[in-house]
Trainee: 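Submitted below is the structure of interest, expressed as structure tokens.
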2 protein chains.
Amino acid sequence: MTRGAITHTVPRPQRADARRNRERVLAAAEAVFSEAGLKAQVDEVARRAGVGVGTVCRNFPTKQALIEAVLTSMYVSLLDQAEAALVTADPAAAFEQFVLALSEFQARHRAFAEQMANEPVLPETAHALRDALTSAIARLVTGAQSAGTVRADIGPADVAILFSGVAHATAVAGDLQPALRERYVRLILDGLRPAVASQLPGAPLDFAQLRCIKNAKLRKAR
Amino acid sequence: MTRGAITHTVPRPQRADARRNRERVLAAAEAVFSEAGLKAQVDEVARRAGVGVGTVCRNFPTKQALIEAVLTSMYVSLLDQAEAALVTADPAAAFEQFVLALSEFQARHRAFAEQMANEPVLPETAHALRDALTSAIARLVTGAQSAGTVRADIGPADVAILFSGVAHATAVAGDLQPALRERYVRLILDGLRPAVASQLPGAPLDFAQLRCIKNAKLRKAR
DNA sequence: CTACAATCGGAAGCATGGTTCCGCTTCGGC
DNA sequence: GCCGAAGCGGAACCATGCTTCCGATTGTAG
């Protein structure tokens, strides 16, 4: 708006140091949010980046925007891992590999775990990413199911929910005890096997349904 | 202090309406914290109780104190359930019954779930309670283990961690879908059975160890 | 080298939510 | 009924943490 001609025709070449600072802020934010979760304060990010708060807020006009930027980059890197797993020949191994990677990722990136567990705080930009990730997970799950290491009566979103539970539960005690985390991941993998498979209430949950449920909840809260 | 003679010899008989108000506040707090978690605001508690904030703060000088009072009463009521389960003849059934009750309890009392998951926020008054509860859980677990429905390589605190994970994971989506919660509880029960029992890293975790780990974490954070 | 505009730092501003205080009301013994 | 004190409500106060603003600084085109 307001005489916008220049604003949107010229891609405005940023000053070099400004670009460098932006990167620093992003890196600091990633580190800080990973350690302390989304409740970490903007000042701390600024301090860690070695800049003033003003600089943080100029690049990311709001804390929310900063969070979105960080989360987006986390989504990218997790998607990489999912795709890395997908190229494995053995679908059972692929699933297990991804699940371990996921839990380790959540342990390392607390902010990501919170995002995955709570109401989505994602910009529209990231929707494509999220879809790619959910579809990759769905493929990993069905692969493991046809390989016979995962029972048939669960859906991809069931897996996401279960492991985000593990992430949260071990966040309390587990940061210092990575073994503990793997312990619970393996236990849940055991629960996912077809062998025992007692009757579960409900039906396999996919991501579309999960989103519906979350939306319903949001609507109710409002 | 300050001419304390009267203060501690006379048990100062509270006025009737004051006592009634205190109860109202406590009830309102329990309801509000259960629905919204510990982040719920004091004003909301006051409104729900039909009193002014001043009244809340006179009875519970700080939000923390209010939380402690509410949590203590929740501990009592959960302990009841654990003891109810313990009198069941079949230890396998007792364990399952308690675990379902626990997850339902956590779903209904969000504040309690948060407390159980995060750093302890308990007054010393509640330590005896907590010990009673952990010992009841320990008995339920070992009972189920000798009955053969729970694998030997897990400890009581493992169970607590796993189910607090479920509580958290389903808090997002599960409030509206109680079936979903039971779904995951049953799945974890499957994982806990001796049948499949793949090798788990780490050792069975008991509550004393868990407390150590949490303390270590607290110390580090400071 | 100079000048100008982009960028910076961090102090001041604002919003949110807990805690305190005080004039008014109500209880309950007489 | 009357009166002193306990209790009440909620506005004012304070702490915390995000956002804005502006004088000082620094990069860069000419």
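Per chain, numbering begins at 1; letters A, B, ... match sequence-line order. Keep in mind that what you see is a predicted model, and the values were worked out from it rather than measured.
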Trainee: What is the per-nucleotide protein-contact pattern of nucleotides 19-30 of chain C, from the 5' end, where B denotes a base atom under 4.0 Å from a protein heavy atom, S denotes such proximity for sugar-phosphate atoms only, and - denotes neither?
Mentor: SB-----BSS--

Trainee: Check the phosphate of C/dC8 against A/N21, side-chain N and O only, distance under 4.0 Å to OP1 or OP2. Yes or no?
Mentor: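 A/N21 to C/dC8 OP1/OP2: side-chain N or O found under 4.0 Å.
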
Trainee: Taking the side chain as C-beta and beyond, is there a heavy-atom pair between B/F33 and B/F112 under 4.5 Å?
Mentor: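 A side-chain contact is absent here, since even the closest heavy-atom pair is not under 4.5 Å.
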
Trainee: CZ of A/R24 versus P of C/dC8: gap in Å, rounded?
Mentor: 10 Å

Trainee: To the nearest angstrom, how far is B/I67 atom CD1 from C/dG17 atom C1'?
Mentor: 13 Å

Trainee: Does the side chain of A/F207 reach to within under 4.5 Å of the side chain of A/D131, using non-hydrogen atoms?
Mentor: no

Trainee: Please report, rounded to the nearest Å, how far the C1' atom of D/dT20 is from the CG atom of A/N59.
Mentor: 15 Å

Trainee: Send over the distance from B/E44 CD to C/dG18 C1', rounded to a whole Å.
Mentor: 15 Å

Trainee: Between B/A40 and A/V51, just flag the one whose closest nucleotide in DNA chain C comes earlier from the 5' side.
Mentor: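 The residue whose closest nucleotide sits nearer the 5' end is A/V51.
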
Trainee: Assess the side chains of A/T134 and A/R130: does a donor N or O sit below 3.5 Å from an acceptor N or O?
Mentor: no

Trainee: Do A/S73 and A/E30 have side-chain atoms, one donor and one acceptor, less than 3.5 Å apart?
Mentor: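 A donor-acceptor contact under 3.5 Å links the two side chains.
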
Trainee: Would you kindly say whether A/S164 and A/Q106 are connected by a side-chain donor-acceptor distance under 3.5 Å?
Mentor: no

Trainee: May I have the distance from A/Q41 (atom CD) to D/dT19 (atom P), rounded to whole angstrom?
Mentor: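 Going from A/Q41 (CD) to D/dT19 (P), I get 12 Å.
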
Trainee: Round to the nearest Å and state the distance from A/F33 atom CZ to D/dG17 atom P.
Mentor: 13 Å

Trainee: How many whole angstroms separate atom CZ of A/R47 from atom C1' of C/dG9?
Mentor: 14 Å

Trainee: For the residue pair B/T170 and B/R181, confirm or rule out a side-chain donor-acceptor distance under 3.5 Å.
Mentor: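 No.
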
